Every structure is written in C-alpha cells, then in structure tokens.
Amino acid sequence: MRRLIFSLSTILIFAFYVALNRQSSNAAGNKIAAALQTPTSTAITAPSDPAPSFPQSSPVQSLPPPKKSQGMYADGTYTGSPADAYYGTVQVAAVISGGKLSNIKFLQYPSDTGHSVYVSEVALPMLKQEAIQAQSANVDIVSGATETSGAFQQSLQSALSRAKS
Amino acid sequence: MKETRIIMGMPVTVEVVSDKVKQKDIDDVFSYFRYVDEKFSTYKEDSEISKINRGEVSEDSYSKDMVEILRLSEDTKRETDGYFDITAPDGMIDPSGIVKGWSIYNASKILQEKGFSDFYVDAGGDIQTGGKNSKGEKWSVGIRNPLKQEEIVKVVYVNGEGVATSGTYIRGRHIYNPKNRKDALDEIVSLTVVGPNIYEADRFATAAFAMGESGIGFIERLSGFEGYAINRNGIASMTSGFEKYTND
C-alpha cells in the first residue's frame, strides 16, 4: 500500500510538472504566433525601415560611379573625412592597389553597446544563445549591413576623391 | 581575379578563382549591376520603376524583369505574412528589397554560364558564393559586429550558399512593443541568414529582421535556412542548425 501511494504520488507530481511545462511553452509559442500574425505589435515593417532596404534609401546619392576603374586611382591608402551619422561619427579609409579599390577600413564607428544587462525572459527558449566575441578578421568576405549607411558613403566618397590620379 | 567597384551606392566585389578569368568577365558582372540600377533605382528619374510610380507606363508594357520582380515581391509578401512589402505607405512601390538579392544571384549565374565555378559576388555585405576560394577551401564569411564595425564576431564557411545580413545601426530610436516594454532592451540590430542562394537568404533576412525578436524563430521554421541574430546588448541567438556552418 505504501508503495502504491508512493508511486501514485510520483506519477501525480510528474503529471503536474509536465502540465506546468506545457503551459509555459505554449505561452511562449502563442506569443511568437501572435507577434507573427499581428504586425501592429511593433511599428517596424520591412519597407519603412531604412536599414534593410536597398542602399539607395540613403540620403547620399551623389557618389559618382567610377567609369573605367583601371588606372583611375593612384595606389595607396586614403582616409575619408569623418561623416556624421546622428548616432555618432563614421570614418573610413579606402585602400587602392593596382589602380583599383581593394579594401575599405573602418577608422571610426560609433560603438554604443547599450545596456550591459542581459534580459533573457523574452528570448526564444529553444534557441542557443551566446555573447558575441571578436574573432580573427582573417576571412575571405564580410557580411554586414553597414555599407548602406549614408555616412559610410560620404566618408568613402571623400576618400576616393583623394585617391583620384 | 578580384575587383571592387561602387555601384548602386555600395561596394560591389567580385572574385573569380580561375586561370582563365579575363577582365571582361568581371566587367560583364559589373555591367549587369549597372543595368539593374538603371532599371530599378527609385532615385533615378528615368528608371522604369520611377516611370511606373509616376503612372507613365501601362502595366502591359512593363519589361520582363519588372514583371518578374513584381511577381517575386508578391510571393515573398505572402510567404512572410506581409512582413515583406514593397508598397510604401504613400502607395509608391520600391522593390529594392527584392532586387538586391535577385541581382546578386543573377550576377553569379553570369559567372557560372561563363564556366566559372569558384567565385563570390558581394554587394554591400550580401554574398553569393560558388565553389572554393583560392586555397581550395570553403569561402569564409565573417559576420560583422553591428556594435563595433571593425570586428568580426562569427565566421561561417560556405560553398555555394548565399549569406545575407539585415541590420540597423540606428541608436536612440527605440521601437517599443506596446505589450512588452522590455522588448526594447533586446532589440535585434543584426540578422544574418545563410540560405541555398542569396536571393532566398536576402529576402528572408529582410522580412525576418522586420519581425524583430521573433525573426530568428521565423528562420528556424524555414527549412534550408539558418540564422544568427544579434541584439543591442551583444547577445546572439542562433537557429538550431547554424553551427554546421561554423566549422570549416
């Protein structure tokens, strides 16, 4: 009898635990579903946000396309003037080799890391998370959304005009 | 052979790994991007898209590429619950969110048709890779730290996939979720998507970025896509299969 009561209560506790868990994961799931279905939950929509759209959305459109780039620039590294993005200053340097633009270096960029507090309660529980960490910059290609900013283009334009041979 | 030019207001880089590549091959790719810019730039008065927005072109005389882009935009809007929409509140259409990935993918096909298999095409940080790099390895693609531009915070190794990053660097303009004010703390500032090609990766990166924090969950549910989202506190969330790309 004691054994029976013990196993029954174990089962009951387990069932309660499962029910509790399910409830909380359902709540998370519903929240995501709601967020997906009601775009009104935030003011963000794809077309109105300038960042992910085409770079032409930048205020600086006057960048002259190099006609024939061969021999257009003299080799060297040219520093562009600092340009104001309203959240900070952007400054780049253009590296020219063989008369062509071969690299763009960031000299100044706003590095506001914001609050250091880590609030995890609204994070997706099933996805792995990590704090980002600097890696070796020795890569073939870089993926990022920076190059579309107006300040970037402004600084680059001034660097390239200095590089003109 | 590798070259960068500024087209459509952004650096476009083409690298082809082959003994046979000629300057003309690279030039052809850049010419294609210029053609796309002439047709789809909303900043060019005489582009087809500007003419359409001014009501100067009847629908039956749209070019073949325009018809295709409008169709792809409609498809993407449907597939993303309306998060991807090329129609602005003022009724003007701006298909640039779909044109970028589409044109990078088409540019890579130009190289393939010329017989090249090892290359990449990078337009403003959105990349289509093909084959291997000059060392015979997979292409290594660094994800830029959205909070500190000179830094790479993750490296993915790809051969043939597309890698697209959507992001914002705007500070001070916090968009609050009215239902949960804490959302602003976790605001996503960068979302990188690895997909079967850059057209697919780019359109879903754009849409998922607009979804804010739930965007990474959207990518998680798409089969064949992996994602890496970084919030403004420097905390990254990755999809469950993302790490298959982080080992070379």
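What you see is a predicted model; the values in this text were computed from it and never measured. In what follows, every chain begins at residue 1, and chains take the letters A, B, ... in the order their sequences are listed.
- Heavy-atom distances place the side chain of Thr129(B), and not its backbone, under 4.5 Å from chain A.
- Side-chain contact, Thr192(B) with Ser143(A): no donor N or O sits under 3.5 Å from an acceptor N or O.
- In this structure, the portion of Ala164(B) lying under 4.5 Å from any heavy atom of chain A is its backbone and not its side chain.
- The nearest pair of heavy atoms linking Gln135(A) to Lys154(B) is CG-N, 3.6 Å.
- Residues Asp140(A) and Trp139(B) come closest through the heavy atom pair OD2-CA, 3.4 Å.
- Scanning both residues, Thr239(B) and Leu127(A), for their nearest heavy atoms gives CA-CD2, 4.0 Å.
- Heavy-atom pairs under 4.5 Å with chain A peak, among Lys2(B), Glu243(B), Glu137(B), at Glu243(B).
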Should Ile132(A) and Ile235(B) be marked as a side chain to side chain contact (heavy atoms under 4.5 Å, CB included) after you check the CA-CA gap, both sets of side-chain angles, and the distance that decides it?
-> CA-CA 6 Å; Ile132(A) 55 170; Ile235(B) 302 294; over 6 Å; no

Full working for side chain to side chain contact (heavy atoms under 4.5 Å, CB included) between Val139(A) and Val141(B): CA-CA 6 Å; Val139(A) 290; Val141(B) 181; over 6 Å; no

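- Proximity to chain B involves both the backbone and the side chain of Glu130(A), based on heavy atoms less than 4.5 angstrom apart.
- Residue contact with chain A, scored on non-hydrogen atoms closer than 4.5 Å, is absent for Lys77(B).
- Of the atoms belonging to Phe242(B), not a single heavy atom falls under 4.5 Å from chain A.
- The shortest heavy-atom contact between Ile127(B) and Val142(A) is CD1-O, 3.7 Å.
- Remark: Ile216(B) CD1 to Gln129(A) CD distance equals 10.0 Å, nearest 0.5 Å.
- In this structure, Ile141(A) CD1 and Asn133(B) CG are separated by 8.5 Å, a value rounded to the nearest 0.5 Å.
- The nearest pair of heavy atoms linking Gly144(A) to Arg144(B) is CA-CB, 4.2 Å.
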